[in-house]
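Take a look at the structure set out below.
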Amino acid sequence: MRKLLALPVLSADALSSVAYGPEAMLGVLVLAGTAGLAYAFPVAGAIVFLMFAVGLSYRQTIRAYPHGGGSYIVASDNLGRMPGLVAAAGLMTDYILTVAVSIASGIAAITSAIPSLAPATVLLGVGAIVLLLAGNLRGIRQAGALFAAPTYVFVAAMFALIAYGLVDAAGRDFAPVPTPAPGVTETVGLLLVMRAFSSGATAMTGIEAISNAVPAFKPVEWRNARTTLTWMVTLLVVMFAGIVVLIHLTGVVPREQETMLSQLARLSFGTGWMYVVVQAATAAVLLLAANTAYNDFPRVLSLLARDGYAPRVFMRLGDRLAYSNGIVLLSLTAALVFVAFGGLTGALIPLYAVGVFLAFTLSQAGMVVHWWRLRDRHWRKSLFFNATGGLLSAVVFITAGISKFTSGAWVAVVAVVLFLLVTTWIRRHYDAARAALRLHPHLVELPAAGPCGPLSASPATPTAEPGPTTEGEEGPPEGGDRPGAKAPQPGATAPRRGGEASEPGDEDEELPEEIRHLSVVALAALDLAGMRTLAYAASLQQPVLAVHIGLTEEEGRRFRDYWTLWGDHLPLEVVVSPYRAVVAPLVHYIEALHRQHPDLTVTVILPEIVTRRRRHQFLHSRTATRLRRALRPLPKIVITTVPFHL
């Protein structure tokens with residue numbers, strides 16, 4: 001992407017947070033009345049400093065990870081497995097709350113302009129989440145002018161609002177309008193100021209999005225990404241500071257019925273078309289900010305699944321090349337959180353800061369370790385920036401966790417703990433399954449294969465661990481035959497008794513000797529389950545063909561090397577699937593095979609993992625079920641499975 005396109009697309013989350021960040025800060029300070037509001041400038045100044053510090057630290061992350069360095073990757077690489085999981089927990093919580101908070105704030109912008117819609121806040125929010133779910137399942141991506149326009153319109157509207165307000169204030173020598181005396185429910189103290197600081201710091205959400213998407217930029221990628229990050233932080237600081245100053249000059253205070261941004265726009269522009277533009281742009285950019293989570297949440301979940309910390313079903317690409325299962329999970333959890341907190345932005349904010357700054361802290365701590373180990377040119381400067389950003393992020397995380405624990409932050413803390421328990425439990429099961437499936441030299445003996453030649457275990461049988469392909473991912477069925485599937489020959493017929501020719505798909509064999517067999521063994525890995533399946537196929541004394549779906553050319557070559565090391569006893573076909581799909585390429589291959597040889601009865605034989613406990617079964621694929629459903633329309637195709645009991 002060009003920088004002018006990447007800026008609005010990747011910065012929508014961060015820039016839109018000025019719609020609720022200043023209000024969240026002042027919403028805490030106003031509890032102490034006028035005395036509390038007097039701390040608005042010092043607290044806002046600390047937040048601005050934090051924005052610069054974290055922005056500079058993420059510039060170092062971009063330089064160190066030019067291929068994209070999210071918190072999970074950085075923390076795992078430099079701090080270890082458990083800190084990486086904690087960072088992932090913070091990220092997942094952040095993405096869920098990004099959807100909930102952005103939708104809540106966007107609906108608040110709408111109900112501020114149209115108060116009659118306020119009673120339908122929860123219904124409108126759930127409807128917006130359903131629209132995002134449908135759009136992302138259809139493969140709508142954040143690209144192009146369609147998605148860039150709302151962010152640019154929002155930025156222009158904010159600058160127009162700030163400029164108009166400052167010009168108006170200059171006419172009265174910048175004398176602030178007296179603030180209406182708010183009711184006092186708390187006294188000014190350190191705890192109140194800390195809560196206000198952590199609430200206002202939520203204006204920094206989404207600041208790491210650019211560091212995650214470095215490969216999406218035009219060359220030189222890392223340099224363009226750093227430039228875009230600088231633009232984003234500058235815009236964020238100017239808009240945040242400008243809105244805080246404008247609030248001080250106009251004497252606006254938080255109100256339940258109307259957002260502060262709406263109050264500022266109404267004071268400046270009245271209820272005319274410019275007010276409508278401000279509110280519409282705010283709602284649109286917040287909806288776009290919610291959509292950014294639909295790109296990042298499924299991607300992080302797929303990385304966790306790749307590493308064995310999440311069910312491998314989350315690696316599956318849907319027919320629109322989107323991680324459909326991750327998108328559905330995000331929508332369900334975000335909708336649940338949104339409904340549980342009544343769609344109120346103020347109620348959701350206490351949960352937000354915990355996950356955001358937990359991920360920030362571990363990412364920057366990982367970068368400190370990275371520079372300490374690398375010690376290349378300018379490593380001391382980079383280490384200082386990352387250490388400063390990490391320390392300040394840790395302060396915000398601890399502050400939010402302590403000061404807002406009873407206000408809702410405990411929910412985020414519990415969510416992080418549950419995430420760690422579930423992911424470690426999943427990893428233990430996959431480790432146990434890998435150990436049970438691992439081949440051991442001299443222990444596997446296969447029966448003779450009849451027409452296919454002898455099958456026997458090689459002493460040098462590779463100890464191949466089942467990779468991600470063990471759990472098939474169903475991909476797009478359209479797009480023609482995949483590599484490895486020979487081109488079908490239309491109109492092919494097979495000779496039959498009496499010189500008759502049958503049309504492809506005839507199923508009129510009545511005697512056993514009329515049936516011609518071919519067994520196709522679909523293998524994901526050379527493990528005990530695969531060997532047992534090969535042994536079963538060979539024992540049928542019929543021709544056998546092994547098929548492996550490789551997710552990449554390299555993975556396909558690696559499997560062929562394992563096959564050669566095993567002894568290359570059977571013909572092998574490797575089909576490369578560029579979409580990380582397994583079922584669809586296998587279906588295409590079998591369809592092509594059936595069209596070439598319509599007289600054959602093809603028996604597709606699959607290894608199937610059967611777990612001892614039912615709760616473990618969802619961690620393994622349902623490839624046989626999906627394959628049977630896809631091949632049911634074809635004649636003379638038989639699907640069978642060979643169970644392997646863990």
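Just so we're clear, the structure is a prediction, and the values are computed from it rather than from any experiment.
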Within a strict 4.5 Å, meaning less than it, do heavy atoms of the [X] and [Y] side chains meet?
X      : Y      : value
Leu420 : Met82  : yes
Gln263 : Ile247 : no
Phe217 : Ile210 : yes
Leu132 : Ile103 : yes
Val43  : Ile47  : yes
Leu31  : Arg195 : yes
Val238 : Met158 : no
Gln279 : Ser262 : yes

Distance-only side-chain donor-acceptor flag, Ser102 / Tyr20, under 3.5 Å: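 Absent: no donor and acceptor within the cut-off.
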Ser363 and Glu208: side chain donor to acceptor below 3.5 Å: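 Note: Ser363 and Glu208 side chains miss the donor-acceptor criterion.
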Residue [X] excluded, over 12 heavy atoms near [atom1] under 6.0 Å:
X      : atom1 : value
Tyr39  : OH    : no
Phe49  : CZ    : no
Trp231 : CH2   : yes

Verdict with supporting geometry, Gln364 and Phe385, side-chain contact (heavy atoms from CB on, under 4.5 Å): CA-CA 9 Å; Gln364 300 313 305; Phe385 287 140; over 6 Å; no
Contacts table for residues 344-356: side-chain donor-acceptor under 3.5 angstrom, sequence neighbours left out:
| from | atom 1 | to | atom 2 | distance (Å) |
| --- | --- | --- | --- | --- |
| Thr345 | OG1 | Ser105 | N | 3.3 |
| Tyr352 | OH | Thr98 | OG1 | 2.8 |

Verify, without hydrogens or angle tests, whether [X] (side chain) and [Y] (backbone) share a donor-acceptor contact under 3.5 angstrom.
X      : Y      : value
Ser11  : Pro8   : no
Asn78  : Val369 : no
Thr93  : Ala412 : no
Thr111 : Ala108 : yes
Asn386 : Ser57  : yes
Arg172 : Ala175 : yes
Ser76  : Ile73  : no

Member of Leu304, Leu329, Leu303 meeting the side-chain contact (heavy atoms from CB on, under 4.5 Å) criterion with Phe314: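 That would be Leu329; it is the only one of Leu304, Leu329, Leu303 passing the side-chain contact (heavy atoms from CB on, under 4.5 Å) with Phe314.
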Option passing side-chain contact (heavy atoms from CB on, under 4.5 Å) with Ile107 (candidates Leu286, Leu117, Leu124, Leu287):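 The side-chain contact (heavy atoms from CB on, under 4.5 Å) with Ile107 is passed solely by Leu124 among Leu286, Leu117, Leu124, Leu287.
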What distance separates [X] [atom1] from [Y] [atom2], expressed to the nearest 0.5 Å?
X      : Y      : atom1 : atom2 : result
Leu264 : Phe269 : CG    : CZ    : 10.0 Å
Met51  : Phe240 : CE    : CZ    : 5.0 Å
Leu50  : Leu391 : CG    : CG    : 10.5 Å
Leu56  : Arg226 : CG    : CZ    : 9.0 Å
Arg81  : Arg427 : CZ    : CZ    : 6.0 Å
Leu236 : Thr205 : CG    : OG1   : 8.5 Å

Pair Arg299-Asn212, side-chain contact (heavy atoms from CB on, under 4.5 Å): steps then yes or no: CA-CA 10 Å; Arg299 182 183 58 82; Asn212 291 339; 3.8 Å; yes
Parallel, tilted or perpendicular, as decided by the 30° and 60° cut-offs, for the rings of Phe297 and Tyr95: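 Rings of Tyr95 and Phe297: perpendicular, as their planes differ by over 60°.
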On a heavy-atom basis, which atom in [X] and which in [Y] lie closest, and how many Å separate them?
X      : Y      : value
Val153 : Ala281 : CG1-CB, 3.7 Å
Pro22  : Val244 : CB-CG2, 4.1 Å
Ala6   : Thr228 : C-CG2, 4.3 Å
Ala203 : Gly21  : CB-CA, 4.1 Å
Arg59  : Thr230 : NH1-OG1, 2.7 Å
Ala100 : Val337 : CB-CG1, 4.2 Å

Criterion side-chain contact (heavy atoms from CB on, under 4.5 Å) on Val233 and Val237, from CA distance to verdict: CA-CA 6 Å; Val233 172; Val237 167; 4.2 Å; yes
Residue pair Ser393, Val54: steps toward the side-chain contact (heavy atoms from CB on, under 4.5 Å) verdict: CA-CA 8 Å; Ser393 298; Val54 174; 3.8 Å; yes
